[in-house]
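These notes concern the structure reproduced below.
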Amino acid sequence: MYAIQWGLIISGCISSIPALQATLMPDKSIRKFMDVLPSPSFMKLLTLMHFNQFFGLLMVYALSIFCAIFCPLVSIGYMFAVGNMVRVVYIMALIAVKGEQWETSGFSKKTVVMICVIQTVLGAVIAACTYASSIDPDYLQYESDLKATASDKKTAYIYLVYGVSGLFAITQIPGFIAPGEVIKQYITNPKKMPSEAADKFALEFTVGFQQLILSMMQAFIVIIAALAPSTFVIALLWTILGATNIPIFIFNIVNAEDYGFDKMPMLIFMSIIAFVSGASFMTLF
């Protein structure tokens with residue numbers, strides 16, 4: 001394997017460890033991330049949002065491993081390195097701007113900052129490995145051969161991916177700019193909203209960061225669709241996305257009343273994802 005592949009795989013695997021733990025055991029993960037636990041009435045909702053947040057991160061990390069195997073291109077390597085830094089800058093800027101709210105929210109600043117430092121280092125590793133490959137004659141020949149075998153991607157399916165992933169990326173932007181307003185659109189039952197100021201900020205941070213991750217994930221897919229050497233890579237990726245995300249949508253829809261969710265937005269997004277992943281599965285064959 002080439003340096004860029006090692007960088008993407010090692011970074012993805014290391015990052016996936018805490019993300020996988022948080023996905024499998026979100027209640028225990030919350031206790032690691034918070035010095036002061038939220039009120040019991042809010043714990044159930046925060047646990048679900050914590051799961052959604054780290055499942056999104058897990059998808060991004062898995063995507064880096066996927067790209068290392070199927071399309072380890074220089075531009076994609078730098079894309080993941082920049083992605084690491086964008087997430088770090090978002091969190092650190094939030095801590096700096098909303099320091100007082102952060103202090104009262106119960107989040108462990110030490111734990112969060114440590115993760116930001118690790119992600120910065122891993123982003124630098126990806127960038128360094130990508131640069132090392134970019135000056136490696138053997139890799140450059142491999143990349144050239146990979147691009148030379150690319151099939152024609154000017155198809156209706158690829159334009160569908162551009163449209164849907166681009167739309168998803170754009171529609172998530174308000175979520176991390178003004179998470180408080182977006183939360184009100186999804187949790188329409190006011191009785192399910194947290195009443196304590198600290199709990200409200202914890203929910204806003206969790207949802208806001210989740211929306212940033214989802215927007216970044218879909219933007220990555222658009223870039224990968226443009227750069228990947230074949231339609232097969234994109235179809236396989238979207239098939240996996242559908243298989244992993246649709247069960248989560250079903251859970252949220254079935255339990256919508258318990259959490260106060262509005263079912264309609266979730267039904268719309270799930271239907272679109274099911275359509276694109278179905279088209280992707282058919283494209284594979």
Side-chain angles (χ1 to χ4, degrees), residues 15-16 18-61 87 90-91 94-95 98 101-102 104-109 111-112 115 168 171-218 244-270 273:
S15 299
S16 293
L20 184 60
Q21 291 175 337
T23 301
L24 297 176
M25 297 177 290
D27 53 338
K28 293 184 178 180
S29 177
I30 287 177
R31 288 170 169 79
K32 293 181 180 179
F33 278 87
M34 303 193 78
D35 292 329
V36 179
L37 292 178
S39 58
S41 60
F42 174 54
M43 189 67 175
K44 183 178 179 180
L45 176 60
L46 183 61
T47 301
L48 178 63
M49 294 304 184
H50 189 79
F51 164 83
N52 290 336
Q53 176 190 40
F54 277 93
F55 181 76
L57 277 172
L58 187 62
M59 286 195 300
V60 172
Y61 301 144
R87 294 192 297 273
Y90 176 83
I91 293 176
L94 192 61
I95 292 176
K98 298 189 176 182
Q101 290 176 287
W102 187 273
T104 60
S105 67
F107 281 111
S108 171
K109 184 184 291 187
T111 299
V112 173
I115 291 175
F168 282 177
T171 54
Q172 305 299 334
I173 292 175
F176 61 82
I177 294 177
E181 295 302 315
V182 173
I183 290 170
K184 295 176 184 178
Q185 298 175 17
Y186 286 97
I187 305 177
T188 52
N189 184 348
K191 294 181 180 179
K192 299 296 182 179
M193 292 287 284
S195 56
E196 300 292 331
D199 293 346
K200 288 181 180 179
F201 179 75
L203 179 61
E204 287 184 10
F205 167 73
T206 303
V207 171
F209 191 53
Q210 176 198 354
Q211 296 294 297
L212 173 68
I213 296 163
L214 295 178
S215 180
M216 183 178 295
M217 176 77 177
Q218 294 298 334
T244 53
N245 280 268
I246 289 175
I248 295 175
F249 274 97
I250 293 174
F251 174 86
N252 289 339
I253 292 170
V254 170
N255 295 279
E257 291 186 9
D258 291 339
Y259 293 100
F261 295 149
D262 183 358
K263 293 181 182 180
M264 188 53 64
M266 293 187 290
L267 284 168
I268 293 173
F269 278 109
M270 186 182 73
I273 290 173

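Treat the numbers as computed from the prediction; the structure is a model and nothing was measured. The chain is numbered in sequence order, starting from 1.
Interatomic distance, His50 NE2 to Arg31 CZ, rounded to the nearest 0.5 Å: 11.0 Å. Rounding to the nearest 0.5 angstrom, the gap separating the CE atom in Met34 from the OG atom in Ser29 is 11.0 Å. Atom CZ of Phe209 and atom OH of Tyr90 lie 8.0 Å apart (nearest 0.5 Å). The CZ atom of Phe261 sits 5.5 Å away from the CD1 atom of Ile187 when rounded to the nearest 0.5 Å. Rounding to the nearest 0.5 Å places NZ of Lys109 at 6.5 Å from CD1 of Ile95. Thr171 OG1 to Ile268 CD1: the interatomic distance, rounded to the nearest 0.5 Å, is 11.0 Å.
The nearest pair of heavy atoms linking Gly180 to Glu204 is CA-OE2, 3.7 Å. Residues Phe42 and Ala202 come closest through the heavy atom pair CE2-CB, 4.3 Å. Nearest heavy atom pair, residue Asp262 against residue Gln185, reads CB-O, 4.0 Å. Looking at every heavy atom in both residues, Arg87 comes nearest to Val60 through NH1-CG1, 3.8 Å. The two atoms that bring Phe249 and Ile273 nearest to each other are CE1-CD1, 3.5 Å, heavy atoms only. The two residues Leu203 and Pro194 have their closest heavy-atom pair at CD2-CD, 3.8 Å.
In this structure, Phe51 and Phe55 have parallel ring planes: the angle between them is below the 30° cut-off, well short of the 60° mark. Between Trp102 and Phe107, the ring planes are parallel. Angles under 30° get that label, and only those over 60° would be called perpendicular.
Each of Leu57, Asn52, Leu58 was checked for a side-chain contact (heavy atoms from CB on, under 4.5 Å) with Ile213, and the lone residue meeting it is Leu57.
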Test side chain to side chain contact (heavy atoms under 4.5 Å, CB included) on Asp199 and Leu46; report intermediate values, then the result. CA-CA 9 Å; Asp199 293 346; Leu46 183 61; over 6 Å; no
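Residue-environment remark: CE (Met264) stays at or below the threshold of 12 foreign heavy atoms within 6.0 Å.
Judged by a 6.0 Å distance limit and a 45° cone about the ring axis, Lys44 is positioned over the six-membered ring of Tyr259.
Residues Lys200 and Ile183 form no side-chain contact, since every pair of their non-hydrogen atoms from C-beta on lies 4.5 Å or further apart. Within the 4.5 Å cutoff, the side chain of Phe54 has no heavy atoms near those of the Pro26 side chain.
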